[in-house]
Amino acid sequence: MQAEAFALAPVGAAELILRAAALIFDVDGTLAETEELHRQAFNHAFARAGLDWQWDRAVYKDLLRVTGGKERMRAYHTGLGIAPALSDADIAELHRIKTAHYAELIETGCCPLRPGVAELLAAAKARGQRLAIATTTSHGNIDALLSQALGKRWAADFEAIVAGDDVRHKKPAPDVYLEILARLKLDASDCVAIEDSANGLIAASRAGIPVLITRSMFFGDDDFTAARVVLDDLSRLG
């Protein structure tokens, strides 16, 4: 099935995109390869707090199966089997430091949009397609990335933006996508979700939305059998 998806691209992908009333984008890994910066920011926060935690890429890849930064830290600490558990306040402070450092890294301009993203956004806007964002990251992280990549008024181009803290359950639960559909007042079949991970694919699929996968650094070997199309990036779709 995955081999067939590759064979259909980019023709199948272009057709899928063109007939959609709305394109719904994930953020981390989809719009930009941000996860390495997130990893560095987590390690910065741990060092600042005096923790001897160090997430290398292999550890972080495993932890990415847990959606949400606070949830990821909690899962890691629980896995260490060390008592007592970190308090909610401790987790929140670590996450605050991490988020601030992530924004500082983004502001250096070291994380451009992935190939084809800017072109696809511009072409979709020109065609009158509606744009939305459905992500597990925070509004602050979205703004840090897209203000740098698209300019300070980037949000005006997106009719709906739903982040992880806006819903009860994060991906792979369908909550962010169901909320997007409610805000856009569209049927799932009228939309296309653009994702990079199995968790994102599951979330969108549970909401009934067809999914286009763009493979990313940390999720390239996920199972994407259920996706309509699987691509290495979004080039030539604009």
Side-chain angles (χ1 to χ4, degrees), residues 1-2 4-31 67-68 113-114 116-139 142 146 150 154-216 219 222-231 233-234 236-238:
M1 182 74 74
Q2 279 186 232
E4 291 178 4
F6 275 108
L8 288 171
V11 176
E15 181 182 351
L16 186 67
I17 292 291
L18 286 172
R19 68 172 182 242
L23 305 181
I24 309 171
F25 291 85
D26 172 52
V27 174
D28 291 320
T30 299
L31 294 181
T67 52
L113 297 177
R114 291 186 62 194
V117 170
E119 294 80 2
L120 178 55
L121 291 173
K125 182 180 177 182
R127 289 191 294 264
Q129 288 176 300
R130 302 164 74 182
L131 300 174
I133 288 174
T135 179
T136 58
T137 199
S138 67
H139 283 280
I142 304 168
L146 296 185
L150 298 175
W154 67 269
D157 289 336
F158 294 86
E159 286 195 38
I161 301 167
V162 179
D165 290 340
D166 296 332
V167 293
R168 183 173 181 181
H169 302 292
K170 297 179 181 180
K171 300 173 186 177
D175 298 32
V176 288
Y177 280 108
L178 294 174
E179 179 62 23
I180 287 288
L181 293 176
R183 294 188 188 185
L184 295 179
K185 296 181 172 60
L186 287 174
D187 292 332
S189 60
D190 293 326
C191 304
V192 171
I194 301 174
E195 282 278 359
D196 74 308
S197 70
N199 276 337
L201 171 58
I202 293 167
S205 297
R206 286 176 174 172
I209 302 170
V211 181
L212 184 154
I213 290 290
T214 172
R215 290 184 181 273
S216 63
F219 295 118
D222 276 7
D223 180 4
F224 297 131
T225 304
R228 293 288 183 89
V229 178
V230 182
L231 304 174
D233 60 48
L234 300 177
R236 302 180 303 281
L237 290 180

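Predicted, not measured: the structure shown is a model, and the values here were computed from it. The figures here come from the full heavy-atom set of this structure, side chains too, leaving out hydrogens, waters and symmetry mates. If you read the sequence from its start, that first residue is 1, and numbering goes on from there.
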Spatial distance of atom [atom1] ([X]) from atom [atom2] ([Y]) [nearest 0.5 Å]:
X    : Y    : atom1 : atom2 : result
I17  : R228 : CD1   : CZ    : 12.0 Å
L212 : L16  : CG    : CG    : 6.0 Å
F158 : I24  : CZ    : CD1   : 12.0 Å
E119 : L113 : CD    : CG    : 9.0 Å
F224 : R215 : CZ    : CZ    : 5.5 Å

Taking side chain as C-beta onward, heavy atoms only, is [X] less than 4.5 Å from [Y]?
X    : Y    : answer
F25  : L120 : yes
D222 : I213 : no
I161 : W154 : yes
I209 : I180 : no
L31  : L146 : yes
L234 : I194 : yes

What pairs of donor and acceptor atoms, side-chain ones from residues 198-206 against any protein atom, are under 3.5 angstrom apart with sequence neighbours left out?
from: N199; atom 1: ND2; to: R65; atom 2: O; distance (Å): 3.2
from: S205; atom 1: OG; to: L201; atom 2: O; distance (Å): 2.7
from: R206; atom 1: NH1; to: P172; atom 2: O; distance (Å): 3.1

Considering all heavy atoms, the nearest [X]-[Y] contact:
X    : Y    : answer
T136 : K170 : CG2-CB, 4.0 Å
A207 : A188 : O-CB, 3.4 Å
G12  : V229 : C-CG2, 4.0 Å
A21  : L186 : CB-CD1, 4.3 Å
L184 : A160 : CD2-CB, 4.1 Å
A20  : C191 : CB-C, 4.4 Å

Practice problem: For T135 and V176, run side-chain contact (heavy atoms from CB on, under 4.5 Å): C-alpha distance rounded to whole Å, both residues' side-chain angles, the deciding distance at 0.1 Å, then the answer. | Solution: CA-CA 7 Å; T135 179; V176 288; over 6 Å; no
Exercise. Return the set of residues passing salt bridge (charged side-chain N to carboxylate O under 4.0 Å, His left out) with E159 (not counting sequence neighbours), or none when no residue passes.
Key: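 Result, salt bridge (charged side-chain N to carboxylate O under 4.0 Å, His left out) vs E159: R130.
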Practice problem: Go through the structure and list residues passing salt bridge (charged side-chain N to carboxylate O under 4.0 Å, His left out) with D166, not counting sequence neighbours. | Solution: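 Testing D166 for salt bridge (charged side-chain N to carboxylate O under 4.0 Å, His left out), a comparison that skips the adjacent residues, returns none.
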Using the test side chain to side chain donor-acceptor pair (under 3.5 Å), find all partners of [X] that sit at least two apart in sequence or belong to another chain.
X    : result
D187 : none
R127 : Q129
T30  : D26, D196

Self-check item: Criterion side-chain contact (heavy atoms from CB on, under 4.5 Å) on V167 and L178, from CA distance to verdict
Solution: CA-CA 10 Å; V167 293; L178 294 174; over 6 Å; no
Exercise. Give a yes or no on whether the backbone of L131 and the side-chain of K125 come within a donor-acceptor separation of less than 3.5 Å.
Key: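 Here the side-chain-to-backbone pair does not exist.
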